[in-house]
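Computed over heavy atoms, backbone and side chain alike; hydrogens, waters and symmetry mates excluded.
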Amino acid sequence: MRTQNATAYRFLTPYLLVFAIFWIWPIISSFLISFQATRTVPWRFAPTFNWGRLVGDPAFYNALKNTLLILVIQVPVMIALAIVMAVLLNSPLLKARGLYRFAFFAPVVVGEVAYSAVFRLMFSLDFGIINKLLESVGLEKIDWFSNVTPAMAVIMIAVTWRWAGYNAIIILAGLQSIPEDVYEAATLDRVSKLKQFFYITLPLLKPVIVFCAVLSIIGTMQLFTEPFLITERGGPGGGTETLGLLLYRQGFRSLNFGYASAVAYTMAGLAIAITLVQLWLTREPK
Amino acid sequence: MAAVTLTNVIKRFGNFEVVHGANIDVADGEFVVFVGPSGCGKSTLLRMIAGLEDISGGDIAIGGKVMNDVEAADRGIAMVFQSYALYPHMTVEQNLSFGLRMNGNPKADTERRVKRAAEILRIDELMQRRPKQLSGGQRQRVAIGRAIVREPQVFLFDEPLSNLDAELRVQMRVEISRLHKELGVTMIYVTHDQTEAMTLADRIVVLKAGNVEQIGAPLDLYDDPANRFVAGFIGSPKMNFLKANVVETSNSAAIIELVNHGGARLRKPLSEAFPAVGAEVVLGVRPEHFFEAGEGDCDIPVKADVAEHLGSVSYVYANAGPEELIIEREASRQRASGDHFTVSIKAERALLFDKAGARIR
Ligand SMILES: Nc1ncnc2c1ncn2[C@@H]1O[C@H](COP(=O)(O)OP(=O)(O)OP(=O)(O)O)[C@@H](O)[C@H]1O
Ligand SMILES: [Mg+2]
């Protein structure tokens, strides 16, 4: 037994080594770096240098505000949309189910850069299809990328477009695990379809929905691609800068690794905290 | 309370017809069991009565009112599902009261009904548990409780005991029987287990491939089956079927020769129909209707293959030629495998079927 284990570990060593060097070590290292002043050579240990700056940095609060704003609006809307999509996908009336399932899932597979480019184009002031549509129904066209509110909206729409189908597929799997006869029993109990949805489907889907919400929260906390590419590095004027973008700006443009590390740990800490609150709020009653 | 009447009921799934014109009358307060092999359409019939499945043809009436286009919830029925179909996220109490609460039933009345159902089924102790925390038998009780709470005119059961172990099955069988006496309402019960059918039913409906083969009281079906299928399906162990040829007919009997038993002959008195000489027929003999040599009208020698001693009864599986016979006799107790012995068939204790399986009386 013992020699077997030893052999197993010998085989695992290459992987564990790579894992330690490229995964464990950066995590530890960035934690340590966050306590160092990295704008001076050599770096020196200064526990409050970055963290102190973080607490008083308006750019950080701006990024935090933007990230949380996207989080509280986009995630619930997307999950609600995903539930509706899943219910529709699960409908026995639906023809060509496989096609829809693929179509809903497809956005995840599209390259991030390509999809961002398309969204930029769609919302472009003079050539975008969205403004053309608005004008065709007699509305004013919107300058999406010059004002903060519409720019935020574009980001939320883009993220929702990309991930709603993915979540819908996960929720669909949950829906399909609810046995049909439970609904039949409810039908015999004279419970309307709508009430069945709220009193049976939703409660039974809760674990799946929580799972999707947690994934989405973690994803949105790290939001980077969309504000980087679609609203051009958090524009207009930092109005859509997220924590992920702030981290990138500090770390890789200003080469201030200490501060970037502190931001990174804040993001991770927040994601964990929000997830825990979420899990606690939706815990199974004993 | 209400009678249930099925008139020429047909069910098609697409172009595939699975119930071919069923005519069934269930009297008010009667306990009727639908029995038949897997896939014969029992559940489909029940679900049509419940309103969970559309009716492709014919009429279903409950309490004299045609229900074809009436919503399931308005038919005055309650159904107990094979898989229980309890609401997994609700406690037993919530499971029982859910339907009433959703429909704005007065709280006091809901409580009264739930309490009564819990008492009848003795599940008072379990009210705060969730289905996950219950045993199979307890879940089944809750499922029945949910039906009782609705105070229906007709109870429908779809194989409610098939997920329980043998002992619990017997126990719940007795409970359902008791429940029927206590509530006095119409019950329609689906099973593929003929023992359940025999023990529970006032009347049994035997189904085969979407056709009603026979309807009758349990012992009537046992003693006087309309055809070979019913004869074989009702009764355990199964009836023995012996191939035979008609060698002679008179105006009151046919003489048949058992082809697999050395040409043994039996004179079978008949009153209604007389098969042609030379016709192939089948003689049906129940395991307990083999007598000692000389006691009956026709002796056949057999060789015991396997002897099963269950204590109260013993069965001998006798491999006589190509036909295996199951023999249940007091004397079977002494038999061991390999024994050669002779059994006897009495004409009045044997049934005659034609080649197609119809009864010849
Ligand atoms: N939704 C459906 N679509 C198509 N065919 C169906 C459907 N439901 C049942 N059938 C067919 O109808 C026939 C009768 O089915 P049913 O479920 O009534 O059988 P059953 O007698 O209850 O059998 P079991 O004892 O296995 O439960 C079967 O041939 C089955 O394949
Ligand atoms: Mg069935």
### salt bridge (Lys or Arg N to Asp or Glu O under 4.0 Å) involving B/Arg75 - partner list, sequence neighbours excluded
none
### Query
Based on non-hydrogen pairs under 4.5 Å, which of A/Pro203, A/Ser192, A/Ala185 is most in contact with chain B?
A/Ala185
Neighbour count above 12 (heavy atom, 6.0 Å) for [X] [atom1]:
X        : atom1 : result
A/Phe19  : CZ    : yes
B/Phe13  : CZ    : yes
B/Glu182 : CD    : yes

### Under 4.5 Å from any heavy atom of chain A - which part of B/Ile77
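Side chain only.
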### Message
Under a 4.5 Å cutoff for heavy-atom pairs, which residue among B/Gly99, B/Ala73, B/Ser83, B/Ala143 has the most contacts with chain A?
### Response
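Highest number of heavy-atom pairs under 4.5 Å: B/Ala73.
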Going by atom types alone, do [X] and [Y] pair a side-chain donor with an acceptor below 3.5 Å?
X        : Y        : value
B/Glu196 : B/Tyr189 : yes
A/Glu112 : A/Thr225 : yes
B/Asn95  : B/Tyr84  : no
B/Thr186 : B/Glu30  : no
A/Thr242 : A/Glu226 : no

### Message
Non-hydrogen contacts under 4.5 angstrom with chain A: give the residues of residues 101-120 of chain B involved, or none if there are none.
### Response
B/Met102, B/Asn103
#### Entry: Proximity of residues 32-50 of chain B to chain A, residues having a non-hydrogen atom under 4.5 angstrom
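Near chain A, by residue number: B/Arg47, B/Ala50.
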### Query
Excluding sequence neighbours, so at least two apart, what forms ring-ring contact (aromatic ring centres under 6.0 Å, His included) with A/Tyr115?
A/Phe119, A/Trp161
### Portion of A/Tyr199 that has a non-hydrogen atom of chain B nearer than 4.5 angstrom
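Both parts, heavy atoms under 4.5 Å.
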### Query
Within 45° of the axis and under 6.0 Å from the centre of the six-membered ring of A/Phe197, does NZ or CZ of A/Lys195 qualify?
no
